[in-house]
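Sequential numbering from 1 along the given sequence is applied to the chain's residues. Read the numbers this way: they start at 1 and go in the same order the structure lists the ligands and their atoms. All figures in this text were calculated on a predicted structure; none of them were measured in a lab.
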Amino acid sequence: MRTPASNLAIALLLAGVSVAPAQDKGTLNPQPLPPLAHPDDPKTPAKQLFGRKTEPTAGPSHVVGFYASGCLAGAEALPINGSTWQVMRLSRNRNWGHPQLIHFLENLSAKAAKTGTWPGLLVGDMSQPRGGPMITGHASHQVGLDADIWLSPMPPRQLSRVEREEMLSTMVVAGDRKDVDPKLWTHGHFGIIKAAAQDPLVQRIFVNAAIKKALCREAGDDRAWLEKVRPWWGHDYHFHVRLRCPGDSPECKAQAPAGGGDGCGKDLNYWFTDAVLHPKPSPGPEVLNPGKPLSSLPPACRTVLMSPNLHAAGSASGDHR
Ligand SMILES: [Zn+2]
């Protein structure tokens with residue numbers, strides 16, 4: 001029988017955004033996953049297949065399916081060092097996206113630097129080289145249009161490989177989870193989330209309810225952008241940006257517009273109830289969801305999975321690691 005807690009976890013899975021786990025560190029020496037014994041078995045979870053792809057497909061970029069059930073052809077890597085961004089947790093190999101996401105991150109980080117909001121961005125998980133479900137961490141991020149941005153400004157120096165695997169982001173939510181921590185929350189946090197939400201390419205932004213509460217308090221009269229910023233579990237040390245379907249991707253399944261006003265005040269009450277702030281322990285999404293088979297994804301994702309690598313074996317392909 002399903003407990004209410006497991007129903008909640010399933011609802012979260014279906015909603016397409018997982019409960020963000022505590023901050024995971026990476027490793028300097030990532031090991032390739034062992035080959036699957038029966039990769040062609042139709043019951044093999046799609047996450048085990050997409051999770052073993054280390055290269056994107058060649059050819060034009062396009063998105064297939066929905067943020068929480070899809071894949072990505074012709075992905076581009078966000079370079080690990082830009083003048084106004086750095087990629088974190090390189091061992092995860094999740095700095096891939098549709099070119100529109102790459103440009104968005106470049107533009108947002110440049111704007112943040114230019115306006116003096118932050119020197120730049122630290123970018124966490126985007127998508128796998130071919131998108132698709134992941135073995136760990138997210139229900140969405142499957143189509144190269146989602147990115148996690150740390151709630152810590154980029155320091156004015158290049159981070160080492162070790163720092164990129166082990167540094168922790170700033171936990172801006174207070175210990176009681178009812179508001180942000182005034183010692184850690186800054187106007188820069190407000191500014192970067194607002195700038196992201198104001199970009200017309202952005203479909204939704206997910207933040208912890210305590211962060212949304214702070215944004216509501218500080219927004220003043222300019223509030224239209226708050227509509228896109230939605231409370232969600234986790235998202236207390238990073239915020240999650242989701243872009244709209246790009247014009248080159250007729251197979252991309254759009255999400256309904258945010259709608260419903262600024263989502264402040266009593267709209268947030270639910271998120272501060274005891275059941276949400278102090279949920280009963282659940283077995284966790286991994287136990288509840290061993291993973292859906294490839295047949296659960298749009299049929300074109302089989303083609304994306306089977307297509308040759310962008311870089312033929314033996315050529316230099318390690319530049320994104
Ligand atoms: Zn995310």
Legend entry - Pair E163 + R157: basic N to acidic O under 4.0 Å: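 The answer is yes: the pair qualifies as a salt bridge.
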Legend entry - K111 and D199 ion-paired at < 4.0 Å: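 No, no charged N to carboxylate O under 4.0 Å.
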Inset, instruction - Take the Zn ion (ligand 1) as the vertex and measure to ND1 of H240 and NE2 of H141; round to 10°. - result: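 That angle works out to 100° after rounding to 10°.
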Legend entry - Contact check: D148 to the Zn ion (ligand 1), N/O/S below 2.8 Å: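 So D148 does bind the Zn ion (ligand 1) by this criterion.
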Inset, instruction - Kindly confirm whether the Zn ion (ligand 1) is within less than 2.8 Å of some N/O/S atom in H138? - result: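 Under 2.8 Å: H138 has no N, O or S contact with the Zn ion (ligand 1).
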Legend entry - Candidate list H141, R89, H240, H138, test side chain to side chain donor-acceptor pair (under 3.5 Å), partner D125, passing option: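 The side chain to side chain donor-acceptor pair (under 3.5 Å) with D125 is passed solely by H138 among H141, R89, H240, H138.
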Legend entry - L90 side chain reached by E165 side chain, heavy atoms, under 4.5 Å: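 Yes - at least one pair of side-chain heavy atoms lies under 4.5 Å apart.
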